[in-house]
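So the structure is just underneath, and the comments pick up after that.
Indexing begins at 1, ligand by ligand and atom by atom, following the structure's order.
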Amino acid sequence: MRSVLTIGSLNLDYVYQVPHFVRPGETLEASSRSIHIGGKGLNQSAALARAGVSVFHCGAIGEDGALLKAHLEHEGVNADFVRVDAERPSGHTVIQVTPEGENSILYFPGTNETLEEAEILSAVRGMEAGDLLLMQNETNGIAQAADAAISLGMHVVFNPAPWKDAAAELPIERFHALIVNETEAAGLLKAHGRGADSPEAVVESLGALYPRTTIILTLGSEGAMWRLPGRSPRRQPAFRVEAVDTTGAGDTFTGYAVRAMIEALDAGDPEAGATLFADGIYRAAMAAAISVTKPGAAESVPTLEEVEAALEAHEAE
Ligand code: RIB
């Protein structure tokens, strides 16, 4: 099976239970605080590993972040390219979670923004043609990593989260897949002088900008829409669950969606690939739904067995 290299963030998530998001000028008491393992990169690597994919992770932590690397290793992710920086603190977040399970995230990048070109290149060069490179937007070095991976014949999957305007300058037309939420999609379309007023129009418009790239638009509680190159947009509704904490649900979906891409690439013929991809997105939607029923980010990702059991139960209803 193809392997995935994630070049991505590792964060300590400080999660506060609050009655509502703190308002300007307000001092608000939190009813609890817990520290969780997070970072969009780490969460997506954990989701890939729990989905049964072979994963390598490249990133940087401070000495305060030893448990982040240990967590990846515990999940079976190869973390040889996670560097420990003795001088700087790890990336961290302050996350407010409301009684409805909604979150609001303040992100401090720390070591995530200190990746060196040499370490990025050696991580990429350790992979093989046909493998996948997965990146988000919480580290530096995205353009160099993408260039090196494409030269090697790897498939680049990009999730420009959180949105920064510089992402629109990347050669997304050369990427295998783009995974965006509505904010990120609007940022990309605006940068190209476009707009779109429905999820279907967003996917069509991104597909026109990047015709050879698989586009996935995540829609939170409304599920997701996607478009494979040369095909019409498809919709995957979300599974209805009681939300406890939505943090990391998008990352869970992304990890499982990348597994779907691997299955489609391995299918050989495009028709079989498209069917396997749709099945994989169905599975990714269930994985994301299960993750919101549990607190935390990386720790809330379900295993492939849990996802399959939940789908069987859902289909038997
Ligand atoms: O996507 C959720 C993640 O975003 C959290 O784990 C937090 O660390 C931020 O990176």
Report task. Scan side-chain atoms only and decide if Ser45 and His57 contain a donor-acceptor pair under the 3.5 Å cut-off. Result -> yes
Query - Under 3.5 Å: N/O of Lys40 near N/O of ligand 1 - result: yes
Query raised in the report: Between the side chains of His20 and Glu100, is a donor N or O closer than 3.5 angstrom to an acceptor N or O?
Result: no
Report task. Could you list which atoms of ligand 1 come closer than 4.0 Å to a heavy atom of Ala297? Result -> 6 (O)
Requested in this report: May I ask you to check whether Ser90 and His92 show a side-chain donor-acceptor distance below 3.5 Å?
Outcome: no
Query raised in the report: Below 6.0 angstrom between ring centroids: does that apply to Phe158 and Tyr210?
Result: no
Report task. Of the side chain and backbone of Leu42, name the one, both, or neither that has a heavy atom under 4.0 Å from an atom of ligand 1. Result -> neither
Query - Name of the residue among Leu217, Val156, Ile215 meeting side chain to side chain contact (heavy atoms under 4.5 Å, CB included) with Leu178 - result: Ile215
Query raised in the report: Which residue and non-hydrogen atom of the protein lie closest to atom 1 (O) of ligand 1, and at what distance in Å?
Result: Asp251 OD2, 2.7 Å
Report summary line: Of all protein heavy atoms, the one nearest atom 3 (C) of ligand 1 is Asn43 ND2, 3.6 Å
Requested in this report: Give the residue and atom name of whichever protein heavy atom lies nearest to atom 10 (O) of ligand 1, and the separation in Å to one decimal.
Outcome: Glu138 OE2, 2.7 Å
Report task. Do me a favour and list the nearest non-hydrogen protein atom to atom 6 (O) of ligand 1 with residue, atom name and distance? Result -> Asp13 OD2, 2.6 Å
Query raised in the report: For ligand 1, is there an atom lying under 4.0 Å from some heavy atom of Gly39?
Result: yes
